There are 2 protein chains.
Amino acid sequence: MESTTSQSLFRPAQIGRASEDVAVQIEAAIMSGQVRMGERLPSERNLQVLFSTSRGVIREALRALKQKGLIEVRKGAHGGAFVKTLEVLNASEPLALFLKQQQVSYENIIEFRESMDRTIALLAISRGEEKDKHCLLEQTVAFEKLINEPAPNMETVAEMLGQLNLIFVKMTKNPVFEMIMRTIQIGFSSQDQTLYEHAVYRFEAALNWRETARQIIACEALKTLSCISYHYALLQHCLAEKK
Amino acid sequence: MESTTSQSLFRPAQIGRASEDVAVQIEAAIMSGQVRMGERLPSERNLQVLFSTSRGVIREALRALKQKGLIEVRKGAHGGAFVKTLEVLNASEPLALFLKQQQVSYENIIEFRESMDRTIALLAISRGEEKDKHCLLEQTVAFEKLINEPAPNMETVAEMLGQLNLIFVKMTKNPVFEMIMRTIQIGFSSQDQTLYEHAVYRFEAALNWRETARQIIACEALKTLSCISYHYALLQHCLAEKK
DNA sequence: CGTCAGTATTGGTACGGCCATTAGAAAGCT
DNA sequence: AGCTTTCTAATGGCCGTACCAATACTGACG
C-alpha cells in the first residue's frame, strides 16, 4: 500500500525551515523515481503525520513544489497532489522572467536567436525528413497567404509563427534545441510580433520564410543561412525603427 | 508610508485558489516596479488585512514567490519579504530539472553544447578583450598544472572548470549565452567530470583547453573551432566507453 | 437498469495561539 | 561619555482546530 512505502520514505522534518525540508524530501522522492509519474502523494493530513508536522507546513511545501511544476493538485475525494510530467512552460518561465528583469537588450536576444537558428538550420537540412521539410514549406505558404490578407489577425499570426518555428526546430531531432528555443520565445514572442505589425516588413519577412524553406529542401546550407541572417536583419531594422 | 501605497495596490483575493491570486498580484506589483528592488513587502499580518484573507493564504503565496526567486524572507524584527534581484541559479534550476526528467540523451546535450561553444568561441575571438583572453590562458595553464598533480582533487577540478567556462562565455559580452550555458552546466556538470576522472582523457583535455586559449589569442577562428570539436570528441568517446 | 440523494474523503480557508529570532531602545555599568 | 547588557516589540515559523466546497463512490429508490 501507499502508506507502507511512504512510512519508510520520509523522515520527520525538524531543521530551520520545515517546509523547505519537506519540499526537498518529496522532490527527492519524485526525482529518484520512488513516486512514479501520475501517481498520487499521500493526502495532506497523511503527510502531516508522516513528517510529524502541521498541515500548514505541508501545504507550504506543496505550494513550492507546485510552483516548481513538479506536482498538480486536485481537490475533492480521491484528490491530492499528483506527480506531473514537467512542461516546457514551467521550466522556461523563470528563465524568461530573469531575462526580463535583467533587461537584457534586444540586440543580445537577437544575436542569440540568430546563432541558434543557424545551427538549427544546418541540422534541419541534414536530419530533417523529406516529409517535415515539405510540411514546413506548406506552412510557410499558408503563412504568406495569411500575411497577404488585408487585415491579418495578429493572434493567428502569432500562432502560425509558433507552429512554424516548432516544425523547424523539431527537424533537428534534438529536444534540447526545442526547449531553449521555446524558452526564449516565451519571454520574447512580442519581439517577433512587431516584425509583422509593420506592412513594410511583413511581406518581406513572410516571403523570406518561404525562401528559407525552399533552400532547406534544396539542401543549400549557405543560402539557408543567408535567409536566416536576412530575417534577423529585418527584425533588427524594425526594432531600431520602433525605438 | 508603506501602508498607504499598499492599500491601493492590492485588492482582496476571492477567486478559486486565493493564494495564487495573491501571488499573481504581488508579482505584478514587483515586476511593474511598484515595489522596488530590495524593498520590503508589508508583513504577513499586514498583507492578511490588505487582501482580506487568512495568514495561511499569504504564507502560501509568499512560498510560491520565494520558490520563483522573486523574494527573500528574513525573520525577526524588521524582517519580512524583501524583493530580490533574480539570480541565474533560480532561473536555471527549473530548466535543468526539466532536462533531467526528460532524460535527454547525453549525445543531445553534447551536440547542443558543442554548437553553443562554437558560437561563443567566435564571439570571444572578435569581442574578448586582450586582458580577458590572457586571463583565460592563465587559467588554462593553472588548470593543466592541477590536472598533472598525482591525485587532483575533483572538487577543485570542477570549480576551476566552472571558472574557465565562465571567463570564456563572458567574453561574448552577451549575458544570454552566459545564462543558457550555466543552465546546461547546472544540470550536467557531472558529464564534464567524467572526462577528468580517466587519466587517459584528463591530460589530453587539459592540454586542449590551453591550446584553445592560445588559438583564441591568435584570433585563429578555424583552429579554435577545431579545438572545441576535439574537446567534445574526447568527451563523447569517454562517455561511450563508460556505458 | 438508471437516477438521484447521501456520504466520506480531500483540498481550501479562517482564526487563534505560542515560540524563536531579531533589531533597536532602554537601562546599567565602568 | 561610552560601552555593555537587558528589555521590548515586531515578525516569521509553527501548531491545532474548525468549517466549507468540491468530488467520487455508494446505495437506496423509482
Side-chain angles (χ1 to χ4, degrees), chain A residues 1-3 6 10-26 30 35 38-84, chain B residues 1-4 6 10-26 35 38-84:
Chain A
M1 284 304 294
E2 174 183 77
S3 55
S6 299
F10 302 128
R11 62 160 222 281
Q14 285 183 350
I15 57 167
R17 305 257 198 290
S19 67
E20 277 182 26
D21 191 16
V22 171
V24 166
Q25 283 193 56
I26 296 180
I30 293 175
V35 187
E39 217 167 297
R40 206 200 79 154
L41 265 59
S43 72
E44 294 180 358
R45 290 169 177 85
N46 212 328
L47 287 169
Q48 172 181 356
V49 177
L50 293 173
F51 283 104
S52 314
T53 182
S54 78
R55 212 179 138 202
V57 169
I58 300 294
R59 284 184 62 81
E60 284 176 27
L62 292 180
R63 276 292 173 244
L65 292 176
K66 188 186 173 187
Q67 174 60 45
K68 219 167 180 171
L70 276 169
I71 61 171
E72 173 199 354
V73 178
R74 292 199 286 267
K75 55 181 175 178
H78 295 188
F82 293 81
V83 179
K84 196 176 139 193
Chain B
M1 283 303 293
E2 173 182 75
S3 55
T4 324
S6 299
F10 302 128
R11 62 161 222 280
Q14 286 182 351
I15 58 167
R17 305 253 201 293
S19 67
E20 276 182 25
D21 192 15
V22 171
V24 167
Q25 283 193 56
I26 296 181
V35 188
E39 217 169 295
R40 205 199 81 155
L41 264 58
S43 73
E44 293 180 357
R45 289 170 177 85
N46 211 328
L47 287 169
Q48 172 182 355
V49 176
L50 292 173
F51 283 104
S52 315
T53 182
S54 76
R55 215 181 135 199
V57 169
I58 300 295
R59 286 183 62 81
E60 284 175 28
L62 292 181
R63 277 292 170 271
L65 291 177
K66 188 186 172 185
Q67 173 60 43
K68 218 165 179 173
L70 277 169
I71 61 171
E72 173 199 356
V73 179
R74 292 200 287 267
K75 56 181 171 177
H78 295 190
F82 294 81
V83 179
K84 195 175 139 193

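A, B, ... follow the sequence lines: proteins, then strands. Residue 1 opens every chain. Here the structure is a predicted model, which means the values were calculated and not measured.
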Separation of [N] [atom2] from [X] [atom1] (nearest whole Å):
X       : N      : atom1 : atom2 : value
A:Glu20 : D:dG13 : CD    : C1'   : 12 Å
B:Gln48 : C:dA14 : CD    : C1'   : 9 Å
B:Arg17 : D:dC20 : CZ    : P     : 20 Å
B:Arg59 : D:dT11 : CZ    : P     : 14 Å
B:Glu44 : C:dA14 : CD    : P     : 15 Å
B:Leu47 : C:dA14 : CG    : P     : 14 Å
B:Glu60 : D:dG13 : CD    : P     : 14 Å

With sequence neighbours excluded, residues passing side chain to side chain donor-acceptor pair (under 3.5 Å) with [X]:
X       : result
A:Arg55 : A:Glu44
A:Glu39 : A:Arg36
B:Lys66 : A:Glu20

Of residues 66-74 of chain B, the positions that come close to DNA chain D - non-hydrogen atoms, cut-off under 4.0 Å: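 Those residues whose heavy atoms fall under 4.0 Å from DNA chain D, taken from residues 66-74 of chain B in numerical order, are B:Val73, B:Arg74.
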Sugar-phosphate only, base, or nothing, as touched by A:Gly80 at under 4.0 Å among non-hydrogen atoms: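 Sugar-phosphate only.
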A:Thr53 vs D:dC15: side-chain N/O to OP1/OP2 distance below 4.0 Å: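 It does, given that an N or O in the side chain of A:Thr53 lies less than 4.0 Å from OP1 or OP2 of D:dC15.
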Phosphate OP1/OP2 of C:dT13 contacted by B:Ser54 side-chain N/O (<4.0 Å):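 No, because none of the side-chain N or O atoms of B:Ser54 sits under 4.0 Å from OP1 or OP2 of C:dT13.
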Test item: B:Leu70 and B:Ile26 side chains (from C-beta on) under 4.5 Å apart, heavy atoms: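 Side-chain contact under 4.5 Å: no.
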B:Arg74 and B:Arg40, any side-chain heavy atoms less than 4.5 Å apart: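 No. Closest side-chain heavy atoms not under 4.5 Å.
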Partner set under side-chain contact (heavy atoms from CB on, under 4.5 Å) for A:Ala64, not counting sequence neighbours: B:Gln67
Side chain to side chain contact (heavy atoms under 4.5 Å, CB included) between A:Thr53 and A:Asp21, intermediate numbers included: CA-CA 11 Å; A:Thr53 182; A:Asp21 191 16; over 6 Å; no
Write down the protein N/O and nucleotide N/O pairs, taken from nucleotides 18-24 of chain C, whose separation is under 3.5 Å; answer none if there are no such pairs.
from   : atom 1 : to      : atom 2 : distance (Å)
C:dT22 : O2     : B:Ala77 : N      : 2.9

Nearest-0.5 Å distance, OG of residue A:Ser43 to CD of residue A:Gln48: 9.0 Å
Atom pair CZ (A:Arg63) and CZ (B:Arg17), whose distance is rounded to the nearest 0.5 Å: 6.5 Å
